[in-house]
Amino acid sequence: PQASVSNGGDAESGKELVELKVIWNKNKYDVKFCLDSTGAELKQKIHSLTGLPPAMQKVMFKGLLPEEKTLREIKVTNGAKIMVVGSTINDVLAVNTPKEAAQQEVKAEENKKEPLCRQKQHRKVLDKGKPDDVMPSVKGVQERLPTVPLSGMYNKSGGKVRLTFKLEQDQLWIGTKERTEKLPMGSIKNVVSEPIEGHEDYHMMAFQLGPTEASYYWVYWVPTQYVDAIKDTVLGKWQYF
């Protein structure tokens with residue numbers, strides 16, 4: 001029989017509990033947890049199960065789990081799957097030191113140049129205008145990733161493109177009419193974005209797939225409210241110190 005994990009007996013009596021399946025590194029943990037606990041408290045619980053420090057955890061439930069909100073507020077229900085991505089400190093430091101350096105180099109380069117949307121390679125896509133089926137944008141708001149794919153965008157050849165965030169596989173799927181590229185989130189070295197001049201409620205965004213700028217995969221007309229959520233989901237808000 002499977003041992004159930006209790007949260008300290010009497011302290012939890014009288015509180016509404018929810019049953020969760022926590023999945024990390026192919027390990028599954030059945031956990032009963034208080035619905036009015038926050039994401040940050042859940043991270044502490046995951047730490048006690050897996051030994052993974054909270055700062056190293058990327059916890060997913062319909063997007064990146066907000067630390068400050070309670071499970072009730074983000075509508076966690078019985079049987080919900082909570083995906084945890086993360087490695088031990090040694091693994092992460094080995095992988096992430098080059099990533100940090102790459103991000104700084106890209107920033108330095110960006111500062112030297114004219115705005116991206118005035119550059120010739122981007123103008124030829126932007127001059128086509130907004131796609132007919134572009135998703136609505138909400139200015140001044142940051143939203144979590146929607147559960148449906150982001151669609152109605154162009155790539156740099158002016159073809160239609162959609163982005164699907166497969167959190168359970170920790171993959172980003174970039175789909176065009178011809179094919180779907182399935183990219184592990186960890187292989188994307190950086191995400192850059194810039195508002196489109198004259199249409200600041202939409203961004204142009206690039207995913208860096210290799211060591212240089214030549215490996216950027218450009219996507220145009222990304223609604224501004226999803227820009228931060230995309231960056232957080234792909235790169236992870238990981239703080240080590």
Side-chain angles (χ1 to χ4, degrees), residues 5 7 15-47 49-50 52 54-87 134-153 161-175 180-188 191 193 203 205 207 219 222-239:
V5 181
N7 283 354
K15 292 190 181 175
E16 198 175 341
L17 299 181
V18 65
E19 294 187 7
L20 310 173
K21 278 204 181 322
V22 175
I23 301 168
W24 174 67
N25 262 5
K26 301 192 176 131
N27 299 316
K28 294 187 179 173
Y29 304 88
D30 288 324
V31 179
K32 284 187 177 166
F33 206 65
C34 177
L35 252 186
D36 294 307
S37 294
T38 61
E41 289 169 318
L42 181 59
K43 283 189 161 187
Q44 291 294 347
K45 180 73 187 168
I46 292 167
H47 181 204
L49 294 171
T50 62
L52 199 60
M56 314 289 285
Q57 297 172 19
K58 200 165 152 189
V59 180
M60 318 273 194
F61 173 75
K62 296 182 183 167
L64 214 55
L65 185 85
E67 292 201 356
E68 67 291 350
K69 293 197 170 171
T70 66
L71 304 195
R72 191 188 296 277
E73 285 175 306
I74 57 169
K75 304 194 168 32
V76 174
T77 52
N78 261 334
K81 281 188 182 164
I82 307 286
M83 310 296 302
V84 182
V85 181
S87 316
V134 71
M135 292 178 85
S137 72
V138 186
K139 227 175 174 174
V141 173
Q142 290 180 11
E143 289 188 11
R144 299 171 65 200
L145 287 177
T147 48
V148 295
L150 291 176
S151 59
M153 298 171 293
V161 65
R162 69 182 175 279
L163 301 176
T164 309
F165 294 87
K166 291 283 184 185
L167 301 175
E168 281 146 41
Q169 285 110 304
D170 207 32
Q171 288 179 347
L172 167 62
W173 291 12
I174 300 178
T180 298
E181 293 273 0
K182 300 180 178 181
L183 303 169
M185 301 262 194
S187 72
I188 299 170
V191 181
S193 76
H203 279 231
M205 177 176 276
F207 299 97
V219 178
V222 179
T224 183
Q225 69 269 29
Y226 299 129
V227 168
D228 284 342
I230 292 171
K231 289 181 178 176
D232 289 347
T233 302
V234 173
L235 300 173
K237 268 191 180 167
W238 295 27
Q239 296 154 343

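Fair warning: this is a prediction, and the values are worked out from it, not measured in the lab.
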State, with a plain yes or no, whether a side-chain heavy atom of Val84 is found less than 4.5 Å away from one of Val22. yes
Please find the pair of heavy atoms, one from Leu65 and one from Leu42, that lie closest to each other, and give the distance. CD2-CD2, 4.0 Å
For Glu19, is there any backbone N or O sitting under 3.5 Å from a side-chain donor or acceptor partner on Asn78? yes
Using 0.5 Å steps for rounding, measure from the CG atom of Leu150 to the CD1 atom of Ile230. 5.0 Å
Does any non-hydrogen side-chain atom of Phe207 lie less than 4.5 Å from one of Val219? yes
Could you state the interatomic distance from CE (Met185) to NZ (Lys166), rounded to the nearest 0.5 Å? 11.0 Å
Output for pair (Glu16 CD, Leu71 CG), nearest 0.5 Å, gives 11.0 Å
Closest contact, heavy atoms only, Phe165 versus Leu145: CG-CD1, 3.7 Å
Between Asp36 and Lys15, is the closest basic N to carboxylate O distance under 4.0 Å? no
Salt-bridge contact Lys43-Glu67 (side-chain N to carboxylate O under 4.0 Å): yes
Step by step, work out the side-chain contact (heavy atoms from CB on, under 4.5 Å) result for Thr224 and Val138. CA-CA 7 Å; Thr224 183; Val138 186; over 6 Å; no
One should read off an interatomic distance between Glu181 CD and Trp173 CH2, to the nearest 0.5 angstrom, of 12.5 Å
Working for side chain to side chain donor-acceptor pair (under 3.5 Å), residues Ser193 and Lys231: CA-CA 9 Å; Ser193 76; Lys231 289 181 178 176; 3.1 Å; yes
Using a 4.5 Å cut-off on heavy atoms from C-beta on, say whether the side chain of Met83 contacts that of Lys58. no
Between Thr50 (side chain only) and Ile46 (backbone N and O only), is there a donor and an acceptor less than 3.5 Å apart? yes
Between Leu52 and Gln57 the two heavy atoms that sit nearest each other are O-NE2, 2.8 Å
OG-CZ distance between Ser37 and Arg72, expressed to the nearest 0.5 angstrom: 10.5 Å
Between Val31 and Leu49, is there a side-chain heavy-atom distance shorter than 4.5 Å? yes
Within the side chain of Trp24, is there an N or O that forms a donor-acceptor pair under 3.5 Å with the backbone of Gly86? yes
The complete set of side-chain hydrogen bond (donor to acceptor under 3.5 Å, both in side chains) pairs with one or both residues in residues 135-151, sequence neighbours excluded, reads Ser137-Asp201, Gln142-Asp228
Just so I know, are the side chains of Pro184 and Asp170 near enough to count as touching, which here means a heavy-atom distance under 4.5 Å? no
Heavy-atom distance under 4.5 Å between the side chains of Met153 and Leu163, does that happen here? yes
Here the gap from Leu20 atom CG to Lys32 atom NZ, rounded to the nearest 0.5 Å, amounts to 11.0 Å
For Lys21 and Asp30, what are the C-alpha separation, side-chain angles and deciding distance, and is it a side-chain contact (heavy atoms from CB on, under 4.5 Å)? CA-CA 5 Å; Lys21 278 204 181 322; Asp30 288 324; 2.9 Å; yes
So do Met60 and Ile82 actually touch side chain to side chain, heavy atoms under 4.5 Å? no
State, with a plain yes or no, whether a side-chain heavy atom of Phe61 is found less than 4.5 Å away from one of Leu167. no
